[in-house]
**Q** 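The structure follows.
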Amino acid sequence: MAKAKQPPIPAEMLPKHIAFIMDGNGRWAKKRGLPRTAGHTEGARTFKKIVRYCKDIGIENITFYAFSTENWKRPDEEVSAIMNLMREYLVEVRRYMTENTRLIVLGDKSGFSPDLRQGFAAIEEDTKHFTEMTLNLAVNYGARHEMTGAVRQLAQQVQAGTLAPEDITEDTISQALYTKELPDVDLMIRPSGEYRLSNFLLWQSAYAELYFCDTLWPDFSPKDLDAALIAYAQRNRRFGGV
């Protein structure tokens, strides 16, 4: 099936995996005299718009930092609003089951309500055979928490005698992470004027190109993504070589 849009760079230069840190929702709302929850609602609209654009130009894997392990510390009203947006998206995404897009939820799902856990499991199961694009939602996610769990899992295998310490490799560790079915991140995008990774996909982004811009996430547009892709294509990725 032909793509609906032409990417801003040659298709062979497109990153295989783009990760987005959706930052700036609260500041976007504050600038407009609105409650922070309004920023998250607008940010959800941007999320859907960018997902669609990525699919249209042929990006194979995209991951969005939707809710971190630290975000539970936010006001109850804000957390509740984010949970409701997740529920709405799980309902909405079922209207697009013909899109051939797989949905994977990355993170510790045990912290969520039963209905959200069931919703996550159902949509993952129902889309597991889709192949055109993989959309990953990082929820209750923290890279250190993820890596701690992976180390614990491998230690248990060593203790049980099913894995020798000398057989632990980078690939072994990668396969113990939430992202075991995904390629490493090629391009990490953080809008909003912040210059840090905030505990997001630290292992998977070891050789990612980092792109920062001042646009707040609710204002992030396909044109902003185009600018990031053009910058990515201009970089010389040596992976430690010369």
Side-chain angles (χ1 to χ4, degrees), residues 8-9 15 17-55 57 59 61-86 88-89 105-107 135-146 179 184-235:
I9 59 177
H17 187 179
I18 303 178
F20 296 88
I21 299 177
M22 299 187 288
D23 192 26
N25 293 338
R27 279 171 283 163
W28 182 92
K30 184 177 180 181
K31 284 174 62 176
R32 289 159 176 78
L34 300 171
R36 289 177 60 87
T37 53
H40 292 299
T41 299
E42 192 63 30
R45 294 192 184 101
T46 296
F47 159 77
K48 287 179 274 192
K49 179 169 56 180
I50 295 301
V51 169
R52 165 64 63 186
Y53 185 67
C54 285
K55 187 169 188 296
I57 64 173
I59 304 298
N61 301 277
I62 49 176
T63 301
F64 291 84
Y65 206 4
F67 193 81
S68 76
T69 50
E70 291 79 24
N71 286 160
W72 295 107
K73 302 172 187 175
R74 295 186 175 186
D76 291 345
E77 181 184 7
E78 184 174 348
V79 171
S80 179
I82 294 171
M83 297 300 117
N84 285 332
L85 285 170
M86 289 185 194
E88 290 173 14
Y89 182 72
V105 181
L106 310 175
L135 164 61
N136 310 284
L137 287 180
V139 295
N140 199 21
Y141 175 89
R144 289 184 173 183
H145 180 78
E146 175 186 33
T179 53
D184 282 345
V185 176
D186 294 310
L187 175 61
M188 172 77 73
I189 298 175
R190 181 168 191 158
S192 86
E194 302 290 352
Y195 296 84
R196 56 181 176 271
L197 297 183
S198 295
N199 198 22
F200 184 45
L201 299 177
L202 299 181
W203 176 276
Q204 300 87 341
S205 299
Y207 284 101
E209 296 296 325
L210 308 181
Y211 181 85
F212 302 99
C213 66
D214 292 332
T215 306
L216 299 176
W217 176 253
D219 292 327
F220 194 85
S221 69
K223 287 185 178 180
D224 293 302
L225 179 52
D226 283 350
L229 291 170
I230 291 169
Y232 170 82
Q234 292 170 343
R235 298 184 187 181

**Q** Roughly how far, to the nearest 0.5 Å, is CD1 of Ile189 from CD1 of Ile21?
**A** 10.0 Å
**Q** Looking only at heavy atoms, which two atoms of Val139 and Ala66 are closest? And how far apart?
**A** CG1-CB, 3.8 Å
**Q** Out of curiosity, Glu78 CD to Lys73 NZ, how far, rounded to the nearest 0.5 Å?
**A** 14.0 Å
**Q** Do you know which of Lys31, Arg32, Arg27 makes salt bridge (charged side-chain N to carboxylate O under 4.0 Å, His left out) with Asp219?
**A** Arg32
**Q** Going by ring pair (Phe, Tyr, Trp, His ring centres under 6.0 Å), name the residues that satisfy it together with Tyr53, two or more places apart in sequence or in a different chain.
**A** none
**Q** If you round to the nearest 0.5 Å, how far is OH of Tyr141 from CG of Leu106?
**A** 7.5 Å
**Q** Residues two or more places apart in sequence or in another chain: which of them pass side chain to side chain contact (heavy atoms under 4.5 Å, CB included) with Asn25?
**A** His40, Trp217, Pro218
**Q** How close do Ser192 and Asp23 get, counting heavy atoms only, and between which atoms?
**A** OG-OD2, 2.7 Å
**Q** For the OG1 atom of Thr41 and the CD1 atom of Ile82, what is their distance to the nearest 0.5 Å?
**A** 10.0 Å
**Q** With sequence neighbours left out, write down each residue that passes salt bridge (Lys or Arg N to Asp or Glu O under 4.0 Å) with Arg45, or none if nothing qualifies.
**A** Glu42
**Q** Side chains of Thr63 and Val185, heavy atoms from C-beta outward: is any pair under 4.5 Å?
**A** no
**Q** So, taking the atom named CG in Leu225 and the one named CD1 in Ile59, what distance separates them when rounded to the nearest 0.5 Å?
**A** 7.0 Å
**Q** Less than 4.5 Å apart, any side-chain heavy atom of Asn136 and any of Thr179?
**A** no
**Q** What is the minimum heavy-atom distance between Leu202 and Ala143, and which atoms define it?
**A** CG-CB, 3.5 Å
**Q** Could you pull out all residues at least two apart from Ser68 that satisfy side chain to side chain contact (heavy atoms under 4.5 Å, CB included)?
**A** Tyr65, Glu70, Asn71
**Q** I want to check something: taking the side chain as every heavy atom from C-beta on, are Ile230 and Ile9 in contact at a cut-off of under 4.5 Å?
**A** yes
**Q** Would you call Glu209 and Pro15 a side-chain contact if the rule is heavy atoms closer than 4.5 Å?
**A** no
**Q** Which pair of non-hydrogen atoms, one from Gly39 and one from Trp28, has the smallest distance, and what is that distance?
**A** CA-CE3, 3.8 Å
**Q** Suppose we screen for side chain to side chain contact (heavy atoms under 4.5 Å, CB included). Which residues come up paired with Ala38, at least two apart in sequence or across chains?
**A** Leu34, Pro35
**Q** My understanding is that only residues two or more places apart in sequence, or in another chain, count here; which of them pass ring pair (Phe, Tyr, Trp, His ring centres under 6.0 Å) with Tyr232?
**A** none
**Q** Please list, chain by chain and in numerical order, all residues satisfying salt bridge (Lys or Arg N to Asp or Glu O under 4.0 Å) with Arg196, sequence neighbours excluded.
**A** Glu194
**Q** Could you list the residues that satisfy side chain to side chain contact (heavy atoms under 4.5 Å, CB included) with Ser221, not counting sequence neighbours?
**A** Lys223, Asp224
**Q** Under the ring pair (Phe, Tyr, Trp, His ring centres under 6.0 Å) test, which residues partner Phe47, sequence neighbours left out?
**A** Phe64, Tyr89
**Q** Evaluate side chain to side chain contact (heavy atoms under 4.5 Å, CB included) for Phe200 paired with Met188, printing each intermediate quantity in order.
**A** CA-CA 10 Å; Phe200 184 45; Met188 172 77 73; 3.7 Å; yes
**Q** With a 4.5 Å heavy-atom cut-off, do Ile57 and Leu229 have their side chains touching?
**A** yes
**Q** Output all residues satisfying ring pair (Phe, Tyr, Trp, His ring centres under 6.0 Å) with Trp72, sequence neighbours left out; order by chain, then residue number.
**A** Phe67, Phe112
**Q** Hey, could you give me the CD/OG1 distance between Glu77 and Thr37, rounded to the nearest 0.5 Å?
**A** 5.5 Å
**Q** Do any pairs count as a salt bridge (charged side-chain N to carboxylate O under 4.0 Å, His left out) and have a residue in residues 137-146, sequence neighbours left out, and if so which ones?
**A** none
**Q** Indicate yes or no: at least one non-hydrogen side-chain atom of Arg74 is less than 4.5 angstrom from one of Arg36.
**A** yes
**Q** Hey, does Tyr207 have a side-chain heavy atom less than 4.5 Å from the side chain of Asp184?
**A** no
**Q** Who are the salt bridge (Lys or Arg N to Asp or Glu O under 4.0 Å) partners of Asp214, not counting sequence neighbours?
**A** none
